[in-house]
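Labels below follow one simple rule: chain letters A, B, ... track the order of the sequence lines, proteins then strands, and each chain is numbered from 1.
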Amino acid sequence: MLTFTLRRLLTAIPTLLLISLVIFLLVDLAPGSPLSDVPLTVPPEVRQKMLEAMGADQPVLVRYLLWLKQFFWIEPLYGIDALFGTDFAQGAQRIISWQSKMPVMDTIGERLPQTLTVVGTAYLIGVLIALPIGIYSAYRQYSWFDQAGTFFAMAGFSVPTFFTGNILILIFAVNLGWFPTIYDTNLEVVDWASFKQMLAQMALPVMVLALFNAAEISRYTRSSVLENLGQDYVRTARAKGMGEGKVVLKHVLRNSLIPVVTVIALGLPTVFGGAIVTEQIFKINGIGAMLIGAINVSDLPTVQTVTFIFAVLIVMFNLIADILYGILDPRIRYD
Amino acid sequence: MPDGASPVLDVRGLKTVFKTRGGEIHAVNSVSFHLRPGELLGVVGESGSGKSVTMMSLIGLLPSPPAEVRGGEVLLGGRDLLKLAPRDLQAVRGAKVGFVFQDPMTSLNPVFTVGNQIMEPLMKHMGMTKAQATNRAAELLDLVGIPDARKRLKSYPHQFSGGMRQRVMIAIALACDPDVLIADEPTTALDVTIQAQIIELVKDLRQKLGMAIVWITHDLGVIAGIADRVMVMYGGQVVEQAPVKELFANPRHPYTRALLKTVPALTGARAARLEVIQGQPPILQGEPVACPFRARCAHALPRCEAENPARRAIDGLPVGHGHDVACHWSPEAAHA
Ligand SMILES: Nc1ncnc2c1ncn2[C@@H]1O[C@H](COP(=O)(O)OP(=O)(O)O)[C@@H](O)[C@H]1O
Ligand SMILES: [Mg+2]
């Protein structure tokens with residue numbers, strides 16, 4: 001299992017490097033300049049100096065290598081410095097946003113927790129709803145419960161989040177006034193009242209994302225459980241006199257979870273993508289909103305860095321999926 | 001076997017129907033048989049003749065829907081299994097009746113160790129603790145001839161060969177010392193040498209443990225070697241039933257006679273060519289009103305079209321106890 005994990009970790013490195021290069025080159029094709037918001041009255045020599053100071057006058061490959069060094073070496077050093085009060089970075093150049101002229105990582109550090117709270121909670125709730133529904137739908141195939149589940153899953157699946165999001169805002173925030181329409185990013189949970197406020201503002205976006213995720217995952221769970229219910233080993237378990245609970249929740253579930261866990265792990269990064277839309281609707285100042293903002297003003301370093309972080313997340317969850325797969329399925333573990 | 005001993009398993013008039021979109025399939029029609037203590041009953045018949053469905057109906061292993069056990073009695077230890085509540089039936093399955101299936105490659109759960117899978121019935125039916133069950137599981141693996149038993153408990157099914165997996169299945173089926181072992185074509189999926197080993201193992205275990213066995217196969221050659229009594233099935237019915245020597249010496253049903261011609265000669269020169277039974281197995285829609293074999297039968301009479309023959313004794317013993325056949329035709333009449 002350890003060598004399996006290590007091997008997977010090592011193969012992830014070239015993958016990530018390749019992805020970073022592609023992202024960098026693609027984003028670099030986009031029009032945009034770090035000086036686009038500098039007044040035209042600034043003389044060309046000064047402009048040139050500013051470009052040099054940011055390293056933006058260099059050819060694209062040099063900038064790519066510089067970015068790589070900054071992302072994988074300098075930024076982590078700053079991270080360590082911030083955590084332990086050390087001074088490893090020694091004032092080296094960080095990845096700077098062309099728009100805000102601030103380190104991109106600092107902004108990400110502010111925005112990411114907003115996204116994680118909403119997306120993470122939504123995903124967790126989505127999975128917790130989806131698994132029992134999927135299992136029971138399969139166990140009672142074609143029952144009214146299964147039919148209802150199919151209907152809601154199709155609806156949740158095919159109606160986009162920007163639509164459900166706006167409908168929910170209209171009903172619960174505007175008409176009923178139960179929840180706020182806008183997500184207050186600066187809200188800190190310090191006491192019971194602020195905790196309740198936090199719950200209230202998270203409710204709608206979490207509900208939108210959770211429904212969407214639950215729809216997808218419950219379908220996967222259902223089909224996986226259905227497939228396994230027909231297997232010979234299930235008949236063996238029944239022939240041994242195992243109760244239905246044991247048969248379904250031990251024998252069938254453990255086998256069914258193998259593909260489902262992969263879908264859950266692989267789905268998480270794409271949820272960040274979905275969250276971009278949801279963040280726009282609910283005005284959550286998360287990393288998705290940050291990416292959209294950066295794209296609008298051609299802030300290439302921010303776009304490159306945030307996109308690459310998405311890529312890292314995808315590769316990381318791929319890895320997690322592989323490892324979970326190995327844990328759940330002994331046939332893979334022992335290869 | 002003492003002839004007078006009361007049977008461990010007594011099946012009377014079992015009837016199982018599948019409800020499908022295309023109508024009802026009458027897979028098992030009024031099947032009756034019994035099993036005396038320690039006896040090995042061979043069940044033969046071509047694929048689709050209802051052997052598996054009959055045995056699975058006994059202990060409620062068929063998924064319902066589409067299956068529905070519509071009638072009959074299955075008496076085991078004085079109780080009718082068909083009338084038991086699901087929970088009581090669970091207590092019978094694996095404890096009083098052990099089941100070994102055809103395909104050892106898919107019959108074990110791939111994600112649990114074989115130890116875990118053997119221990120499950122021990123802990124459920126015998127109330128053993130984990131430690132007791134582990135010891136007993138190791139004994140069982142040893143009993144079915146798996147070397148290094150204690151260590152192998154921690155292995156997963158994919159680490160065993162097909163023959164070894166079938167041994168594990170047998171260990172599971174015998175774990176709780178059942179009165180009846182039902183083996184549904186346990187060697188069909190194995191190659192010939194492994195097949196012989198498994199048959200030897202079962203013979204040996206039968207000596208040691210003394211349970212009664214139902215052995216399903218479509219291989220009459222296997223039956224000749226191990227069975228005490230044989231029941232021939234066709235189209236969801238019992239068409240002939242007799243002690244094994246009697247059946248081979250004096251087959252009465254045209255289907256049995258045809259079947260015997262398909263067996264390679266056990267002694268002497270190889271049969272030049274094996275015969276195959278011409279025609280297709282019947283489609284079992286609706287109550288049988290005619291003999292299911294009539295369309296393929298060399299001796300079919302007008303009566304066979306009008307009346308499904310009942311089983312009749314041909315040696316004076318009650319039906320099921322001696323030699324009986326469900327056929328309107330008789331070899332003597334043909335010669336007379
Ligand atoms: N799930 C099912 N649905 C409909 N018919 C079935 C089903 N399973 C079995 N049958 C019917 O039962 C008959 C007997 O099958 P089976 O007992 O498996 O035969 P075998 O003697 O080969 O074990 C088959 O011919 C088939 O028509
Ligand atoms: Mg069969």
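Using a 4.5 Å cut-off between heavy atoms, Leu229(A) makes no contact with chain B at all. For Lys246(A), the part sitting under 4.5 Å from any heavy atom of chain B is the side chain, from C-beta outward, and nothing else. Contacts between Leu108(B) and chain A at a heavy-atom distance below 4.5 Å involve the backbone alone (N, CA, C, O). Proximity to chain A (any heavy atom under 4.5 Å) is shown, for Met105(B), by neither the backbone nor the side chain.
Chain B forms the most heavy-atom pairs under 4.5 Å with one residue out of Arg235(A), Gln231(A), Arg238(A), and that residue is Arg235(A). Heavy-atom pairs under 4.5 Å with chain A peak, among Pro86(B), Pro110(B), Pro121(B), Ala95(B), at Pro110(B).
Between Gln117(B) and His251(A), the side chains place no donor N or O within less than 3.5 Å of an acceptor N or O (distance only, hydrogens not considered).
Looking at Phe99(B) and Lys240(A), their side chains never come closer than 4.5 Å, going by heavy atoms from C-beta outward. For the pair Asp232(A) and Phe101(B), the minimum side-chain heavy-atom distance is 4.5 Å or more. Proximity of Val111(B) to Leu328(A): side-chain heavy atoms (C-beta onward) are nowhere separated by under 4.5 Å. Counting heavy atoms from C-beta on, the side chains of Asn255(A) and Asn109(B) come closer than 4.5 Å.
In this structure, Arg79(B) places its CZ atom where only 12 or fewer heavy-atom neighbours from other residues, nucleotides or ligands lie under 6.0 Å away. Atom CE of Met123(B) has more than 12 heavy atoms from other residues, nucleotides or ligands within 6.0 Å. Heavy atoms from other residues, nucleotides or ligands lying under 6.0 Å from NZ of Lys96(B) number 12 at most. Around atom CZ of Phe145(A), more than 12 heavy atoms belonging to other residues, nucleotides or ligands sit under 6.0 Å away. Counted within 6.0 Å of OH on Tyr139(A), heavy atoms from surrounding residues, nucleotides or ligands total more than 12; the atom is thus considered enclosed.
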Working note: Arg254(A) + Phe112(B), criterion side-chain contact (heavy atoms from CB on, under 4.5 Å); need CA distance, chi angles, decisive distance, verdict. CA-CA 9 Å; Arg254(A) 177 72 178 272; Phe112(B) 295 106; 3.6 Å; yes

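Side-chain atoms of Arg93(B) never come within 3.5 Å of backbone atoms of Met242(A) as a donor-acceptor pair (strictly under, hydrogens ignored).
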